[in-house]
Each structure stands twice: as C-alpha cells, then as structure tokens.
Amino acid sequence: MGRTAAMIRTLFLCFLLGGCAGVQTPLDPAGLQSAQLLSLFGLMLWVCGVAYVLVLGFLGWSLWRARRRIAAETAPEVNPVHRGLSRGLWGWTAFVATGLLLLAIASFLTDWTLARAERRGAIEVSVTGHQWWWRIQYRDPASGQWIETANELHLPQDRTTLIRLGAADVIHSFWIPNVAGKMDVIPGRANQLALTPRRAGWFRGQCAEFCGPQHAHMALDVKVESPAEFTAWLAAQAKPAAAGGDPTALAVVTAGPCAACHMIRGTDAKGRVGPDLTHLASRRSLAAGTLPMSRGAVQGWVAQPRAIKPGTMMPPVPLSGPQADAVSRYLMALK
Amino acid sequence: MSPDNTLPAWTDPPGLWGFLTTVDHKRIAARYVVTTIAMMFLAGMLALDMRLQLSGPDMGRMGPQEYNESFSLHGSTMMFLVAVPVMEAMGLWLVPLMLGQRNVAFPRLSAFSYWLYLGGILMLWVPHALGITPDLGWFEYAPLSGPAYSPGHRADIWAQMITFTEVAALAASVNLAATILKMRPPGMSLARMPMFLWAMLIASLMTIFALPAVMLVTSMLIADRMVSTHFFNVAGGGDPLLFQHLFWFFGHPEVYIIFIPAVGFVSSIVETFARRPLFGYRFMVLALVAIGVLAFGLWVHHMFAVGLPRIGNAFYTAASMLIALPAGIQIFCWIATLWDGRGIRFATPLLWVIGFIITFVIGGLTGVMAAAAPLDLQLTDTYFIVAHFHYVLVGGAMFPLFGAFAYWYPKATGRLMSERWGKIAFALIFGGFNLGFFPMHLLGLMGMPRRIYTYGPEMGWGTLNLVATIGVAIAILGGVIFVANAWISYWRGRPAGADPWGGPTLEWATSSPPPPHNFDWVPVVEGFTPLWDAPEGLPVMTGLPEDRRKVMITSASTATAEYLQGSPGPSIWPLIAGLAVSVMFVGSIFTPWAVAIGAVPIGAALTAWFWPKRKRATTGPLGGRPA
C-alpha cells in the first residue's frame with residue numbers, strides 16, 4: 001500500500017514540476033493538442049485521486065471498526081438496519097455521479113476545442129504507413145508537385161498542419177505524443193489528424209498499432225521549427241538530387257538493384273516501393289528510427305538490413321568492399 | 001475422503017470409464033478448474049519470459065517473432081482458456097450446491113463443454129509445440145491476419161481455437177442459466193437469490209448474447225483466408241473496421257463476463273466474514289443488471305483512435321463513464337457490509353477481497369480516464385492500457401478468484417488450506433503484482449507503446465521496466481506457493497467439517513466434500529441467508545427418490561415446486577460428440593469440405609446421445625382412446 005501511494009505521489013510531482021521531459025511523452029506537451037489533453041488528464045487524476053482516497057479511507061475505517069468488535073462466537077446478524085449506511089450510499093452515489101458528469105463534460109469540451117483547431121488547418125501533409133516505415137509527402141507551394149520524404153516530419157511552429165493518413169498494407173497508428181494524440185492508419189479509410197506545435201525542437205513518433213514483426217522499429221523523427229526555417233527546409237527538399245557521382249556507386253544505386261525500389265529524384269532511380277532517398281543524408285535517422293544517420297550505419301544497413309531489423313522488406317545487397325564504400329559515400333552525399 | 005452416504009443411483013462407474021463418462025457437475029467442474037490452473041501457469045511462464053526480454057533496453061533474449069508469439073499465446077490463453085472458462089467452472093461447481101440441487105439442468109452438456117474446452121487447448125498448444133504458433137495478438141486484426149499478410153495456418157489455428165472455446169462457453173452458460181432459473185429450491189424466489197447466483201445468471205446471459213459475435217468474426221476471417229471472401233479486404237469492397245466492431249462487440253462484454261462472477265465471489269466472502277447479510281442487496285442486483293446491459297453499449301471505446309465521427313465517440317465516452325456508477329455502488333456496498341460487520345476474521349479469503357478492492361479500484365479509475373475519447377488518443381495502445389487492464393482483470397477478477405478458491409476449497413476437498421502459506425502467497429502476489437504493474441502506468445505516460453519487442457536505451461524506459469520484471473517474478477513465485485499450498489493441503493490440511501467459515505448459503509449445509517448426489521433432501525428457503533435464518537436446523541422437504549436420478553424443478557420467478565424431472569446418468573456420448581466436433585473444427589482450417597463431411601459423424605454422435613430410452617408418452621384427454 002505504502003509503495004502504491006508513494007508511486008502516485010511521484011506521478012503527481014512529475015506533473016506539478018513539469019518533469020518527465022522527453023521526446024516521446026504526453027507529459028511534456030509541445031503542442032496545442034497535447035497541452036489540452038494533459039490538462040484533461042490532470043483533472044482526471046485529481047478527481048480519481050479523491051475518489052480513491054475516499055474508498056481507501058472507508059475501507060480502512062471499516063476494517064479498524066469491525067476489528068474492535070471481534071467476538072469469536074457472535075451469532076450472525078440476520079436483519080440489520082443501519083440508516084447511516086443508507087445515507088452514505090446515497091451520498092457516495094451522488095459524489096460518483098457528479099465526478100463522472102464533471103469528467104464527461106471536460107472530455108466533451110476538450111474534444112470540441114480540438115475539433116475547432118482541426119478546422120484551422122493550413123498546411124496539408126500526406127503520411128502513409130508501410131510495413132515498417134512512414135512515407136511523407138508535402139505539396140510544393142511553388143510548383144504544386146508532391147515532395148516526398150520518409151520517416152522525418154517537419155512542422156512549422158504555431159501553425160496547424162493537417163496530416164492526411166493512409167495505409168499501404170495493414171493497420172498502423174500515427175502517434176507523436178508530445179504534439180497530439182494518436183490516430184489509426186487504416187486501409188480504405190481517409191483519417192486525418194491536426195497538429196499544432198507550440199515549441200520548436202526535435203520530437204519522436206512511433207507506430208502504436210501492432211503491425212507485424214517490426215512494429216517496434218517504426219518510428220519517425222519530428223522537427224518543429226520556425227515558419228522561415230520550415231520554408232527553407234521544404235525548398236531544399238523540393239530540389240532534385242545533385243547529378244553525377246562516382247560511377248561505381250551509380251551502377252549500384254541508380255542503375256542497379258537499389259533503383260528497383262527507391263526513388264532518387266533527378267536520377268534514373270524511380271522505384272516507389274521503398275522510401276524516397278533523394279535527400280537521405282539530410283535526415284536524422286535511418287530505417288524508421290532504427291539507427292542514427294551515419295556512413296557506417298548506411299553501409300551496414302545496405303549489407304545486412306535483416307540483421308539490424310529482422311523481417312524488414314529491404315533485401316540485403318551483396319557488394320564488394322569498394323562498391324559498398326562507394327555506395328555509402330554516394331548516399332551520404334544526398335544532402 | 002469419500003462420504004459414506006452415497007446413493008447407488010448417483011454413483012459413477014469406477015475407474016477410467018467413470019472418468020470418461022461422468023456427468024457429475026462437481027467432477028467436471030473440478031477438472032475444468034485444474035485445467036485452467038495449468039493453463040494459467042503456462043501463460044505466467046510466457047509473461048515472465050516477455051518481462052525478461054523487456055527488463056532492459058536492446059535485450060536479445062528473443063527476436064520479434066518469438067516475442068509476438070509469446071504475447072499472442074499469453075493473451076489468447078488468459079482470455080479464452082483461463083479467465084472465461086474458470087469462471088464458468090466455478091459456476092458449474094457451485095451453482096447446484098448453492099441451490100441445494102443434485103446436478104445441473106443439462107448434465108451431459110457440461111461434460112460436452114469440458115471436452116470441447118480441452119479441444120480448444122490442444123488446438124492452440126499442440127501447434128505451438130510443433131512451432132506453428134499464432135503470432136498476431138489475442139485480437140488478430142484484419143488485414144494483418146488476412147491471406148495477404150499471414151500465409152500459413154497460424155491465424156487459422158487462433159481463429160478455430162476461438163470457435164472451440166466459445167462453443168464450450170455457450171454450452172456452459174446455457175446450462176447455468178437454465179439451472180439457476182428453473183432449479184432453485186422452494187422459497188428461493190429471485191428476490192432472495194444469493195448475489196453469487198445473480199452474478200452467474202447475468203454473466204451467463206451476457207455470454208449467450210456476446211459470444212456469437214466473435215464466432216462470427218473468426219468464421220468470416222477463416223472464410224476470407226480459405227475461400228477468398230472479401231469481408232475485410234478493402235480491394236474487394238470489404239472493411240477492416242467490420243472486424244474490429246464485431247470483435248469488440250464481443251470483447252467488451254467479455255471483460256464483464258469475467259468480472260461479474262468475481263462480484264459474486266466477493267459478495268459471498270464479504271457476507272460470511274462480516275457475519276452480516278450483504279448491505280444494499282437490491283442496489284447490488286440493480287447494479288449488476290445495469291452493468292450487464294451497459295456492457296453491450298461500450299465496445300467503441302476500444303476503437304476511439306480509428307477515426308469514427310466525434311459525436312459517436314462522445315456517446316461511447318458517456319456510456320463508458322456511466323458504467324463506473326454501478327461499479328462504484330458495488331464497492332460501497334461491500335465496504336459498508338464490512339463496516340457494519342459483527343467481528344471480522346482476517347482469514348485468507350477476506351485478505352483477497354481487501355486486495356481486490358485496493359487494486360481493482362485503481363483499474364476502474366484508470367478506466368474512467370481511458371473512457372474520455374480525446375484523452376484515450378494519448379493512452380490507448382500504450383503500457384498505460386496494459387497496466388489498466390491487468391489491474392481490472394487480475395486485481396478485479398483473479399484476486400477474487402483466488403479468494404474464492406481458498407474459501408470453497410474446504411467444501412470441495414474436506415480440508416482447509418494452510419492459512420500461513422495462504423497469507424504468504426497473498427502477500428507475494430498482491431505486492432508483486434502492484435510492484436510489477438503500477439510502473440507500467442508511468443511507462444505508458446512516458447510514451448512506451450504496447451507490443452514492442454525491444455526499445456533503445458535512449459528512450460529512458462529501462463529502470464521502470466526492470467522494476468516491472470522484478471514485480472512480476474515475485475507475483476509468479478507467490479502463484480507457485482499458492483498452488484503448492486492447495487496441493488499439499490489436499491492431503492495434509494486440517495479437516496474442515498461441513499461449515500468451517502460459518503457461511504450463510506446452502507452449500508455449507510452438506511458434508512465436505514459433498515456426496516455425489518449433493519443433498520439427501522430438498523432445502524426450503526425462507527430468507528436471504530438460509531443457514532443463518534434457521535440456527536435450529538434448515539427446513540427441508542424429503543421425498544426425492546433414492547433409487548433413480550430425479551431433480552426438482554421450480555417456477556422461474558417465485559421458485560414454487562413444480563415437478564420432479566429425470567436427470568441423465570453417465571454417458572460416453574458427450575466425449576464422442578466432442579471428438580467428432582473437434583475433427584470437424586480442425587479439418588475446417590484445411591478444407592471447406594470438412595464442414596460438410598464432418599457434420600455426418602457429429603450428427604451420428606448426437607443421435608446416439610439423445611436416443612430416447614423410454615416409450616413415447618401418450619397425450620390427449622384422459623380416456624380419450626376407445627377401449
């Protein structure tokens with residue numbers, strides 16, 4: 001009991017001090033939606049905490065009270081009447097009903113606020129869940145073309161972005177807890193989710209619906225930045241990849257096995273099955289948050305993806321030493 | 001320990017043949033309970049295995065495939081092979097005794113139910129031994145479980161295991177509902193029925209309404225996989241959400257099907273140990289009925305994140321919060337009964353009830369939090385929910401079950417379990433459970449999703465996961481001690497006598513263990529607590545034949561004696577029918593023809609089972625036939 005109480009106290013402190021900071025937690029809100037939800041949770045915790053203390057108090061009192069009356073062979077009481085208890089039942093029922101009504105109203109009001117925020121949507125981003133990565137597409141404001149990237153979402157601060165969610169295979173769930181609640185990504189359904197980040201920085205999202213063997217490695221990085229930085233980033237992403245490169249690498253990447261599945265805009269690599277690699281090296285991590293981006297990680301991933309992420313759709317690409325070297329060098333140049 | 005007052009008409013044949021043919025509800029239910037304990041042990045080992053894998057970041061104890069198989073087996077076993085059947089088993093054992101009856105309404109159906117349940121176990125665990133383990137969770141959402149993403153037979157095995165266990169559960173529920181409604185002793189009107197019988201009646205009726213939905217959805221899944229229907233295939237005009245609606249239309253009531261019998265256990269234990277009739281009987285019954293009805297209107301709260309219209313979600317938020325009201329009333333009534341108790345003995349069963357209240361209320365309150373549709377978007381599919389439903393299912397249903405086990409153990413075996421080891425087991429399970437599962441609330445709030453087989457050190461989840469693992473290990477140690485205590489007490493326990501706790505209900509009026517025919521006479525009930533109402537001796541009716549199997553049938557609401565009815569004796573046909581049904585179910589995951597061809601032996605077995613043994617009764621006005 002003491003332990004449970006201590007843990008509840010820790011949890012309360014956690015809130016009050018705004019502790020529990022992290023890149024993937026609803027307790028450290030960096031968005032309009034998550035802040036609303038955290039205050040609803042705080043209210044819940046208080047109301048439920050009071051109810052729990054009342055229950056424990058009544059239980060403790062009754063055990064203590066009845067214990068005083070221990071008499072080994074007392075005959076059981078067959079027809080007891082206790083008006084106080086009946087009044088207590090009505091009082092308790094009224095308390096529970098009031099508490100629930102309060103929480104239900106708070107829940108509806110929160111939902112209503114979130115629905116209004118959704119209607120302010122300014123930018124639209126399409127996010128598609130794949131086994132086990134995220135396809136992310138922005139509309140280029142200049143050309144109207146789709147700009148594609150993967151596993152890294154950039155959001156302008158203090159503006160509402162509407163995420164259009166689609167599923168390529170099975171059900172996934174899109175969740176960036178620091179910014180907003182989750183929304184399932186379901187084949188055949190057009191779900192959407194509004195994100196209004198209020199604080200700049202890096203955050204992390206993770207698939208929240210079991211989607212097969214690599215459900216654990218289906219994360220995405222989220223960068224909240226000022227609208228100016230965001231515009232600059234989007235413009236950079238809109239550019240095709242730099243032409244040319246080491247012929248050894250090009251033979252493998254743009255004219256070889258990689259091109260069957262991956263797109264590198266501006267080259268002959270036009271595959272659509274796997275993630276777009278046009279600006280691969282500009283991203284923070286590799287393989288849906290599995291590895292931090294580095295040349296070593298890229299080289300290891302190309303050679304042995306299934307050792308790093310068992311079950312991944314990416315096949316191993318057997319390369320000679322010089323080829324592997326050239327390929328990773330080329331990919332890391334895709335800034 | 002066999003009692004010497006047995007009636008030959010009610011005695012089973014000796015040896016193996018008696019074991020296979022018995023229709024004695026006590027033998028069948030005891031078999032059921034022992035099997036569920038074995039299943040609980042296996043599921044607990046899986047839990048420990050998973051907890052070891054998660055006890056630190058980047059652990060290599062198992063890969064994703066092994067982990068997915070582990071949580072799928074753990075969830076499926078606990079929900080379908082432990083929680084629901086164990087409650088029905090307790091009902092099968094207790095209901096006739098609490099009614100002063102000699103058997104259940106359909107004795108052979110209870111034997112059939114057990115054999116099919118055993119078939120369900122073999123359906124899941126034999127393939128596991130062969131390495132063909134279902135690996136998509138206890139819910140197997142389409143399209144992940146559809147033909148495109150799950151080739152092979154893993155998903156079929158899961159789906160057909162459900163069919164086995166649900167047919168078994170339906171058979172048990174129909175049996176219990178009929179027994180409670182038509183076989184109460186004279187005088188035990190509905191308004192005087194012990195709370196445990198109300199609980200089993202409502203849980204049985206809920207089972208009858210809820211289970212067809214899951215059998216439907218698993219059959220549709222098998223059809224999608226085998227004969228290319230497109231119920232859940234978007235490209236063919238199907239809808240994956242149909243799967244979820246049907247699954248949760250069963251899945252939510254199921255939680256209450258597990259919980260409501262526990263309400264019955266707690267009510268019985270509290271009443272006996274407070275030595276006072278349950279406070280607020282009418283409110284408790286109304287609360288149970290309210291829960292039984294409301295439970296069917298909540299299923300969408302498992303689907304708040306699928307993107308249904310907000311106004312629809314709001315309705316289910318309101319309904320889900322509303323169900324906390326009757327649950328709150330029940331908690332109050334139990335504590336109030338203790339408050340006004342006439343002297344409490346802190347025996348093990350009561351400790352389990354106290355542990356139940358402390359633990360279950362936390363689960364109920366986190367349930368209220370998750371019932372708010374917008375907030376649930378942060379909570380669902382995280383470890384917060386893992387913590388929540390373990391608090392509800394373990395704290396809310398398993399703790400009362402363990403208490404009930406200790407409470408009725410002396411009635412079943414004639415011996416008491418060791419109080420000292422019982423208290424040690426309670427302390428370890430209660431402490432270990434809370435140490436293991438409370439941190440999961442925090443892990444969920446720190447962003448840890450469910451069903452991930454590993455996580456990186458940078459997420460900061462390592463410490464709390466280690467604490468959780470230690471807690472679960474302690475609880476499992478307590479579970480082993482609990483079972484060892486039951487095992488050893490069977491031979492070494494102190495003899496209990498008929499009524500070791502001074503209980504108020506009819507099962508305490510017969511010897512421990514009860515003879516095969518349970519009671520020599522039919523008790524007559526004149527109040528809520530028959531044994532307390534008549535300290536001078538229970539009023540009884542005599543006249544039940546001793547040389548034939550006969551039971552008394554009474555009217556459904558007032559329990560007025562109506563007539564004596566024959567009660568079937570031992571038969572091998574339930575087992576043979578169960579085998580025939582099993583062959584059909586197993587075959588149907590390989591070819592649709594199994595359904596048609598397999599129906600023939602089932603029909604033959606059922607025909608033999610129901611073959612009339614007496615001449616057709618003549619009907620019509622007396623003397624209507626000319627001489």
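This structure is a prediction, so every number in the text was calculated from the model and none was measured. Throughout, a chain's letter reflects where its sequence line sits, starting with A, and its residues are numbered from 1.
- Crowding of A/Trp202 atom CH2: a count of heavy atoms from other residues, nucleotides or ligands under 6.0 Å exceeding 12.
- For B/Asp239, no part lies under 4.5 angstrom from a heavy atom of chain A.
- The shortest distance between side-chain heavy atoms of B/Thr317 and A/Phe108 falls below 4.5 Å.
- For chain B, no part of A/Thr290 is nearby; none of its heavy atoms comes within less than 4.5 Å.
- The CD1 atom of B/Ile335 sits 5.0 Å away from atom CG of A/Leu59, with the distance rounded to the nearest 0.5 Å.
- When heavy atoms are compared at a cutoff of 4.5 Å, A/Gln192 does not approach chain B at all.
- Judged by distance alone, with hydrogens and angles left aside, the side-chain atoms of B/Trp339 form no donor-acceptor pair with the main-chain N or O of A/Leu63 at under 3.5 Å.
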Inset, instruction - May I have the step-by-step check of side chain to side chain contact (heavy atoms under 4.5 Å, CB included) for B/Ile358 and A/Leu56, ending in yes or no? - result: CA-CA 7 Å; B/Ile358 293 170; A/Leu56 287 192; 3.9 Å; yes
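- The closest donor-acceptor contact from the side chain of A/Ser62 to the backbone of B/Ala336 lies at 3.5 Å or more, if one exists at all.
- For B/Pro277, the parts lying under 4.5 angstrom from a heavy atom of chain A are both the backbone and the side chain.
- When heavy atoms are compared at a cutoff of 4.5 Å, A/Ala180 approaches chain B solely by way of its backbone atoms N, CA, C and O.
- The most heavy-atom pairs under 4.5 Å with chain A, out of B/Ala148, B/Ala305, B/Pro449, B/Gly502, come from B/Ala305.
- Here the CD1 atom belonging to B/Ile452 is positioned 5.0 Å from the CD atom belonging to A/Gln206, to the nearest 0.5 angstrom.
- Among residues at least two apart or in separate chains, side chain to side chain donor-acceptor pair (under 3.5 Å) pairs with a member in residues 177-190 of chain A are A/Ser173-A/Asp184.
- In this structure, chain A has a heavy atom under 4.5 Å from the side chain of B/Phe279, while its backbone stays farther away.
- Side-chain atoms of A/Asp111 never come within 3.5 Å of backbone atoms of B/Ala314 as a donor-acceptor pair (strictly under, hydrogens ignored).
- For B/Phe304, no part lies under 4.5 angstrom from a heavy atom of chain A.
- For a residue to count as touching a neighbouring chain, one of its non-hydrogen atoms must lie under 4.5 Å from one of that chain's; by this rule A/Phe58 touches chain B with backbone and side chain alike.
- Listed options B/Gln65, B/Met303, B/Met369 were ranked by heavy-atom pairs under 4.5 angstrom with chain A; first place goes to B/Met369.
- Only the side chain of B/Thr382 comes within less than 4.5 Å of a heavy atom in chain A; its backbone stays farther off.
- Note that the OG atom of A/Ser34 and the CD atom of B/Gln378 stand 6.5 Å from one another [nearest 0.5 Å].
- Between A/Trp90 and B/Phe283, the gap from one ring centroid to the other is short of 6.0 Å.
- For B/Phe232, no part sits under 4.5 Å from any heavy atom of chain A, backbone or side chain.
- Taking CG of B/Leu375 as the start and CG of A/Leu37 as the end, the distance is 6.0 Å to the nearest 0.5 Å.
- In terms of non-hydrogen atom pairs under 4.5 Å with chain A, the most contact-rich of B/Asp135, B/Asp381, B/Thr366 is B/Asp381.
- The contact between B/Gln244 and chain A is made entirely by side chain atoms (from C-beta outward), counting heavy-atom distances below 4.5 Å.
- Among the candidates A/Ala115, A/Gly188, A/Ala51, A/Gly311, the residue making the largest number of heavy-atom pairs closer than 4.5 Å to chain B is A/Ala115.
- Using modelled atom types, one finds a donor on one side chain and an acceptor on the other under 3.5 Å when comparing B/Tyr453 with A/Gln214.
- Only the backbone of B/Ala142 comes within contact range of chain A, with heavy atoms under 4.5 Å apart.
- Residue B/Phe71 touches chain A through its side chain alone, counting heavy-atom pairs closer than 4.5 Å.
- Closest approach of B/Ala373 and A/Ser107 over heavy atoms only: N-OG, 3.9 Å.
- For the residue pair A/Asn191 and B/Val306, the shortest heavy atom distance occurs at ND2-O, 2.9 Å.
- Neither the backbone nor the side chain of B/Asn313 comes within contact range of chain A, judged by heavy atoms closer than 4.5 Å.
- With a 4.5 angstrom heavy-atom cutoff, B/Thr454 touches chain A via backbone and side-chain atoms both.
- The backbone N or O of B/Arg450 sits less than 3.5 Å from a side-chain atom of A/His215, completing a donor-acceptor pair.
- Within the 3.5 Å criterion, the main-chain N or O of B/Met459 finds no donor-acceptor partner in the side chain of A/Gln24.
- Remark: the backbone N or O of A/Phe210 is not paired with any side-chain donor or acceptor of B/Arg451 at under 3.5 angstrom.
- If you measure heavy-atom distances from A/Ile186 to chain B, the contacts under 4.5 Å come from the side chain alone.
- Of all non-hydrogen atoms in A/Ile171 and B/Pro240, the two that sit nearest each other are CD1-CB, 4.3 Å.
- Remark: B/Met321 CE to A/Leu103 CG distance equals 5.0 Å, nearest 0.5 Å.
- Only the side chain of B/Ile331 comes within contact range of chain A, with at least one heavy atom under 4.5 Å from a heavy atom of that chain.
- Closest approach of B/Pro374 to A/Leu114, counting heavy atoms only: CB-CD1, 4.2 Å.
- Taking each heavy atom of B/Val234 and A/Pro187 in turn, the nearest pair found is CG2-O, 3.3 Å.
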Inset, instruction - Starting from the C-alpha separation in whole Å, work towards a yes-or-no answer on side chain to side chain contact (heavy atoms under 4.5 Å, CB included) for B/Leu445 and A/Phe41. - result: CA-CA 11 Å; B/Leu445 294 173; A/Phe41 185 62; 3.9 Å; yes
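- For the set A/Leu89, A/Leu43, A/Leu165, the count of heavy-atom pairs under 4.5 angstrom toward chain B peaks at A/Leu89.
- Annotation for A/Thr93 and B/Leu325: closest pair O-CD1, 3.8 Å, computed over non-hydrogen atoms.
- Between B/Phe332 atom CZ and A/Phe95 atom CZ the span is 12.5 Å, to the nearest 0.5 Å.
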